[in-house]
Structures are given as structure tokens and as C-alpha cells.
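Keep in mind that the numbers below use all heavy atoms, side chains included, and drop hydrogens, waters and symmetry copies. Chain A is the first sequence line, chain B the second, and so forth, proteins listed ahead of strands; every chain is numbered from 1. Bear in mind the structure is a predicted one, so any value in this text is a computation, not a measurement.
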Amino acid sequence: MAGRANWVSWSTTSMLPEIEALAEQVFVALADPTRRSILAALASGGPATATDLAVQLPISRQAIAKHMALLADAGLVTAEAGERRRVRYRLRSAPMQVAQQFLAALARDWDGALDALQDHLDQRTERPVTTKFGDVGGGPGRKPA
Amino acid sequence: MGFPDRIERTVQVAHPPAKVWAALTTAEGLGSWFGNKATIDLRPGGSASMTWDHGLTAEMRVERVEEPTVFAFTWHIYGLPDDDPRRTYVEFTLEAVGEGTRLTVVESGFAQLPDDVYRKAYESNTDGWASELGELVDYLDAA
């Protein structure tokens with residue numbers, strides 16, 4: 001498969017365009033509801049053949065094969081030899097973790113944290129808080145009256 | 001698309017650096033505005049932690065302590081497995097401006113891609129991939 005050679009060379013570098021491309025492939029893969037259901041089936045039920053998946057999901061085996069090619073290209077599933085020469089697919093988490101790095105950056109709420117810091121400092125000016133840490137049990141705005 | 005590796009914010013705070021420093025570097029401060037509880041061993045290499053009432057915990061490692069201008073730590077990237085070595089670096093810079101403080105926070109390292117992770121992730125997949133895919137095609141064609 002042509003894409004494979006690239007995956008190997010990526011292991012020797014750590015450049016942004018590559019991680020970006022990797023994350024993008026994950027998000028493209030996840031954008032399709034059928035592929036999400038395939039990934040969800042592999043996540044919950046473990047490795048499965050295209051036939052297994054066709055039984056579980058309302059999708060033809062041909063359609064599954066098409067989606068599997070994309071998922072494999074994104075590195076999200078790996079094919080392994082199953083019983084009687086049947087190819088079994090296994091979920092792989094590494095690309096998901098790259099996507100999670102992206103999501104972690106989006107989810108990091110420094111705006112909220114810095115607002116909370118400002119509130120904390122303003123509060124201390126008006127009324128010094130003498131409560132020891134641990135007694136309060138709340139964040140900004142949750143000081144006991 | 002654009003993978004965010006670095007987040008940077010600057011805010012003006014109407015309080016002197018010493019006071020902002022205390023909020024950033026003491027258990028009492030961190031446990032008030034940031035987490036719900038905190039501990040900190042304030043020295044480079046020291047451990048710090050924050051916990052939230054909803055159950056999350058953040059473990060930090062203090063990296064820079066230059067009172068009252070630079071405080072930095074590293075912490076785990078949220079969402080990655082606990083044993084993943086990747087960490088982001090968070091640096092607070094305090095600059096006295098008039099009566100107040102210009103506070104800058106920079107968090108970087110979201111887009112790290114350590115070699116070993118990717119070798120581990122893809123190495124085993126390269127050998128025999130073509131032949132397995134060939135078998136798949138044969139199998140589907142036969143079906």
C-alpha cells in the first residue's frame with residue numbers, strides 16, 4: 001500500500017505537518033457515521049472480520065471493505081490473520097492519541113483559568129481569605145460567605 | 001487544518017507581581033483559582049498536584065522558579081494514557097507594569113511526536129501489510 005512508506009518515514013521525525021496530517025486522517029475517518037460505527041464495534045467487541053462486522057452492523061460487506069481501506073490507511077485499524085485465512089481487523093489507538101493531543105489543546109481553557117485567577121486576586125484584595133487550603137472545597141466564587 | 005502546538009495568553013492584572021506570584025506558586029493559591037485542592041514543592045524538579053471536586057487530578061513537575069518573574073511546570077497531556085511520556089510545558093511570566101502585573105502564560109508541546117511512539121505504532125504494521133491486504137482482496141473477491 002503506497003501510504004505505508006510514509007508512515008515509516010514519519011517515525012524518524014517529529015514535525016508539525018506530519019502530526020497534522022495524521023490528526024486530519026483521524027478526523028476524516030471519524031466524520032463518517034458508518035466508520036464511527038465500525039470503530040465503535042471494534043472498540044467494544046475487539047478484533048473482528050469484515051463478515052463479523054457485516055452481521056453486527058447494517059452495512060454490506062462490500063461497504064465495510066471500502067471503509068476498512070480508509071481506516072487502515074489512517075492507521076486506525078490493522079489487519080491480522082484470523083482463522084481460515086480470514087483477515088481480522090484490530091483497532092489501534094496510536095492515531096487516536098494524536099487526535100487527542102489536538103483536542104487537548106482545544107480543550108485547555110486558559111481563558112477560563114485566567115478569569116478565575118483575576119477573580120481570586122480581586123477577592124483577596126477586598127477580603128483576605130484565611131481559610132486553609134482543603135477546607136474550602138470549591139473554586140473561585142465558592143468561598144464560604 | 002493547523003495543529004495547535006502552543007497556546008499563549010497575556011492578561012493585565014491589577015495587583016503587584018508578588019501577589020500574583022503567590023497565587024501561582026502556593027498550594028493555597030493554586031487550590032483556590034485553579035484546582036479545588038493543591039500541593040506544591042516549590043523548587044525545580046519538585047512535585048505539584050491539583051485535584052478537582054469532580055474527580056480529576058493533575059500532577060505537575062515544577063521546572064522554573066524565579067521569584068517573582070518566572071514560574072514554569074510540565075504536566076501530562078489530558079486524554080493520553082497515564083504512562084505516555086509526552087508532557088506540555090507551561091510557563092508563567094510576570095512583568096510589573098505600573099501598579100499591576102502583565103501576566104503571560106504559554107503552554108507548548110501539544111504537537112509532540114516522539115520517535116518511539118511512532119515506531120511502536122507503525123513498525124509492526126509495515127511488514128506483511130501488502131500481502132495481508134492482498135489476502136483481503138482475494139477473500140472479498142471470492143465472497
Report task. Select one option (side chain, backbone, both, neither) describing which atoms of B/Val105 are under 4.5 Å from chain A's heavy atoms. Result -> side chain
Report summary line: Bottom line for B/Leu30: the part with an atom under 4.5 Å from chain A's heavy atoms is neither
Report task. Kindly assign one of parallel, tilted or perpendicular to the pair B/Phe92 and B/Phe71, based on the angle between their ring planes and the thresholds 30° and 60°. Result -> parallel
Query raised in the report: Under a 4.5 Å heavy-atom cutoff, which of B/Asp5, B/Leu103, B/Val11 has the most pairs with chain A?
Result: B/Val11
Query - B/Thr88, part contacting chain A, at a heavy-atom distance under 4.5 Å - result: side chain
Report task. Pick one of side chain, backbone, both or neither for B/His54, based on which atoms fall under 4.5 Å of a heavy atom in chain A. Result -> neither
Query - CA sep, side-chain torsions, deciding dist, call: B/Tyr89, B/Phe73, ring-ring contact (aromatic ring centres under 6.0 Å, His included) - result: CA-CA 6 Å; B/Tyr89 175 74; B/Phe73 60 82; 8.5 Å; no
Query raised in the report: With distance as the sole criterion, is a donor-acceptor pair present between the side chains of B/Thr104 and B/Arg9 under 3.5 Å?
Result: no
Report task. Decide yes or no for B/Thr69 and B/Glu66: does some side-chain heavy atom of the first lie under 4.5 Å from some side-chain heavy atom of the second? Result -> yes
Requested in this report: Against chain A, label B/Glu8 side chain, backbone, both or neither, depending on which of its atoms sit under 4.5 Å from a heavy atom there.
Outcome: neither
**Report entry** Proximity breakdown for B/Val90 and chain A, heavy-atom pairs closer than 4.5 Å
**Finding:** side chain
Query raised in the report: So B/Glu107 and A/Arg108, salt bridge (charged side-chain N to carboxylate O under 4.0 Å, His left out) or not? Walk me through it.
Result: CA-CA 9 Å; B/Glu107 180 168 10; A/Arg108 180 72 80 224; 2.7 Å; yes
**Report entry** Side chains of A/Leu39 and A/Leu91 in contact at under 4.5 Å (non-hydrogen atoms)
**Finding:** yes
